[in-house]
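A quick write-up on the structure given underneath.
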Number of protein chains: 2
Amino acid sequence: MKISEKNIERLLLYRRILCGLRSENVENIYSHQLARIADTTPEQVRRDIMSIGYSGSSVKGYNIIRLIESIGEFTDARETQRVTIVGAGNLGRALIDYFQGRRRKLFIAAIFDNDPQKIDRVIHGVRCYSVEQMKEVIQKNNIDVAILCVPAAAAQQVAELLIEAGIKGILNYAPVKLSLPSHIYVENRDMLLAVEKVAFFSRQH
Amino acid sequence: MKISEKNIERLLLYRRILCGLRSENVENIYSHQLARIADTTPEQVRRDIMSIGYSGSSVKGYNIIRLIESIGEFTDARETQRVTIVGAGNLGRALIDYFQGRRRKLFIAAIFDNDPQKIDRVIHGVRCYSVEQMKEVIQKNNIDVAILCVPAAAAQQVAELLIEAGIKGILNYAPVKLSLPSHIYVENRDMLLAVEKVAFFSRQH
DNA sequence: TTCACGCTGTTATTAATATAACAGCGTGAA
DNA sequence: TTCACGCTGTTATATTAATAACAGCGTGAA
Ligand SMILES: NC(=O)c1ccc[n+]([C@@H]2O[C@H](COP(=O)([O-])OP(=O)(O)OC[C@H]3O[C@@H](n4cnc5c(N)ncnc54)[C@H](O)[C@@H]3O)[C@@H](O)[C@H]2O)c1
Ligand SMILES: NC(=O)c1ccc[n+]([C@@H]2O[C@H](COP(=O)([O-])OP(=O)(O)OC[C@H]3O[C@@H](n4cnc5c(N)ncnc54)[C@H](O)[C@@H]3O)[C@@H](O)[C@H]2O)c1
C-alpha cells in the first residue's frame, strides 16, 4: 500500500475537522461537505478515504466516528509515539507549551539544549537534558521523532547526533537543508521562506 | 510568465544558499553543486533558473552575485513590502523576535492583538495596536501581508478583518482552514499536522 | 588544428497528482 | 412497482511537475 505525502496531510486534516464536528455531535458527513471545509474537492476526499480502505454509505455519507477511527488506525502508531524538542529557545518553548497534550498518540518526552541555564530544568512540564545525555535519554524513552529548533549553524551537527541516538524522523525549523542518510525522514519548515513566498504570491493576484 | 509555488520555494531557497556562499566569497557555482546543497537535482536547478530568465556560462556555471540579483528581481517587490503579525502570543512574539531585520525587502510594520495588556506596547521593537485600529494602521502603513498567530477560534474572524483592511496574502499558523475570497493568497502552516506527518513517515522507513 | 570533455539551455519523456466521468446502489416519491 | 435522485467507489482523462536526454558551445590538452 503506497500513500503520498499530500495524501497523508489531507487525511490528518480531515481527522482534525471530523474531531471538531464530532464534538458538536454531528454523526455523518458527505464528501462535498468535508471537501468544502478542508478546501478541496469531493473527488479528492472520496479518493483519499478510499485509499485507507474505509467505505461510507451512499445514503448517509461517511460515519464520522468510524472515519476518525479508520484514519487513526492508518496514520497512528499502535503505541503512543514519543517526541523530543531540541533547542529550548523562543520557538522551542512555544512549541512545547502549545503541543503538550494536544494529540493523544504523540507525547513530548524530553527536551535537549546545550545552555547550562536550561539543562536539568523543567520547561512547561518537560525535563530539559544536556546534549551529552541525548543518546541515553532517547533510547531509554524510546523516542523516535525530533523537532529541531536550534540555530541554523548547529542544526546539521545536532541532527547527526539525533540519528546516532536512533531518531527516525526530524521536523526541522532551522533554515538549512540537512544532509542526512536517506532512511531518515526529514520535513523542513522554513518560516522565513514561507513569509517570502506569501509576500511574492500576494502580489501576483 | 507562469511560475509554480514549488518553483518559487526553490528559488527562494537557492537565494538563501547563494547568499551564504557569497559571504564566503565564492563567486561561481555549477548546477550540480547547488543541487546538492538544496537537496534537488541539477536538472531542476537549471530549469528553475531558466524560468526566471537568468543564464550561466557553460564554463564557470552561474555567477553567484548576478544570480542572487536575478532571483531578487523576480521574487522581490520593487519597494520594501510591509508585514503585520496578528496575535502577540508565544508564537507571534517568537516570530517577531526572529524575523525582524532578516530580510531587507520585508519589514514587520505593526502587531495587532486584542489583549489590553499588549495593546500600545512595543514588542521587540514593533508597536502593538488594538484590532479596532487595524484598518487604519494597515492602510496608513501600506501593509499587504499578514502572519496569523491567533487562536484557532478567532482566526476566521480576524482574517476577514484583515482582508477588509486591504491585506493581500496571509500566512496562517492557526490550525484551521480559512474560508476566504479567492483573490487572497493563503499559506497554511499547521505545525501540529506537521508533527503528525513526520511521526507517520518516520515509521514507514 | 583537432577532438574529447563538461557544462548550460532546451526539448522529450516519464511519473505523480488532481480532475472529471460514470456505473452501481439504496431511497423515497409517484 | 417504477423511476429519478444523489450519493459513493472506481475508472479514465487531463494537468502538472520531475526526470532524463541531448544539442550547442567554449575550453584545454594532445
Ligand atoms: N523564533 C522563531 O520564530 C523562528 C522562526 C523561524 C525559524 N526559526 C529557527 O528556529 C531555530 C530556533 O529559533 P529560536 O528563535 O528559538 O532561537 P533561540 O536562539 O531562541 O533558541 C535556540 C536554542 O537552541 C539552543 N542551542 C544552541 N546550540 C545548540 C546545540 N548545539 N545543541 C543544543 N541546543 C542548542 C540554545 O541554547 C537556545 O536555547 C533557529 O534555527 C531559527 O532560525 C525560529
Ligand atoms: N505556540 C506554538 O508553538 C504553536 C504551534 C502551532 C500552532 N500554533 C497556533 O498559533 C496560534 C497562536 O499560538 P500561541 O501559542 O502563540 O497562542 P497564545 O495564546 O500564546 O497567543 C494568542 C494571541 O492571540 C491574541 N488574540 C486572541 N484572540 C484575538 C483576536 N480576536 N484578535 C487579536 N488577537 C487575539 C491573544 O491575546 C494572544 O496574545 C494558535 O492558533 C495556535 O494554534 C502555535
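Within every chain, numbering begins at 1; the chains are lettered A, B, ... in the order of the sequence lines, protein sequences first and strands thereafter. Keep in mind it's a predicted model, so treat the numbers as computed, not measured. Side-chain atoms are counted along with the backbone in the values below, which use heavy atoms only and exclude waters and symmetry mates.
Side-chain atoms of Leu193(A) and Lys197(A), non-hydrogen and from C-beta on, never get closer than 4.5 Å to each other.
There is no side-chain donor-acceptor pair under 3.5 Å between Tyr54(B) and Glu73(B). Residues Asn28(A) and Tyr62(A) bring no donor and acceptor atom of their side chains to less than 3.5 Å of each other.
Straight-line distance from the CG atom of Asp48(B) to the C1' atom of dT10(C): 14 Å, rounded to whole Å. If you take CG of Asn63(A) and P of dC7(D), they are 17 Å apart, rounded to a whole angstrom. With rounding to whole Å, Ile52(A) atom CD1 is found 14 Å from dT8(D) atom P. Atom pair Leu67(A):CG and dC7(D):P shows a separation of 17 Å (rounding to whole Å applied). Here dC7(D) presents its P atom at 19 Å from CE of Met50(A), a figure rounded to the nearest Å. The CD1 atom of Ile49(B) sits 8 Å away from the P atom of dG9(C) (whole-angstrom rounding). Computed from coordinates, the His32(A) NE2 to dT8(D) P distance equals 8 Å when rounded to whole Å. Rounding to whole angstrom units, OH of residue Tyr62(B) and C1' of dG9(C) are separated by 8 Å.
The aromatic rings of Phe74(B) and Phe200(A) sit parallel to each other, their planes meeting at less than 30°, with 60° as the upper class boundary.
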Counting primed atoms, P, OP1 and OP2 as sugar-phosphate and everything else as base, the B/S/- map of nucleotides 23-30 of chain D against protein heavy atoms under 4.0 Å is --B-S---

Under a 4.0 Å heavy-atom criterion, the protein footprint on nucleotides 15-22 of chain C, written with B, S and -, is --SBBBB-

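Judged purely by atom type and a 3.5 angstrom limit, Asn63(A) uses its side chain to pair as donor or acceptor with the backbone of Ile65(A). In this structure a side-chain-to-backbone donor-acceptor pair under 3.5 Å is missing from Arg189(A) to Pro175(A).
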Annotated structure of DNA chain C as dot-bracket, pair cut-off 3.5 Å, Watson-Crick or G-U only, | for inter-strand, is ||||||||||||||||||||||||||||||

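Ion pairing between Glu43(B) and Arg47(B) fails under the 4.0 Å rule for side-chain N and carboxylate O. In this structure, Asp76(A) pairs ionically with Arg15(A), as a charged nitrogen and a carboxylate oxygen lie closer than 4.0 Å. Between Arg22(A) and Glu24(A) no salt bridge is recorded (no basic side-chain N to carboxylate O distance below 4.0 Å).
We find the CG-OG distance between Leu171(A) and Ser202(B) to be 11.0 Å, quoted to the nearest 0.5 Å. Rounding to the nearest 0.5 angstrom, the gap separating the CG atom in Leu106(B) from the CZ atom in Arg102(B) is 13.0 Å.
Shown here are the salt bridge (charged side-chain N to carboxylate O under 4.0 Å, His left out) partners of Asp190(A), two or more places apart in sequence or in another chain: Arg16(B). For Arg66(A), there are no salt bridge (charged side-chain N to carboxylate O under 4.0 Å, His left out) partners at least two apart in sequence or on another chain.
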Should Glu187(B) and Tyr173(B) be marked as a side chain to side chain donor-acceptor pair (under 3.5 Å) after you check the CA-CA gap, both sets of side-chain angles, and the distance that decides it?
-> CA-CA 9 Å; Glu187(B) 172 88 9; Tyr173(B) 283 102; over 6 Å; no

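Residues of residues 194-202 of chain A having a heavy atom closer than 4.0 Å to DNA chain C: none are found.
Between Tyr30(A) and dG9(D), a side-chain N or O to OP1/OP2 separation shorter than 4.0 Å is absent.
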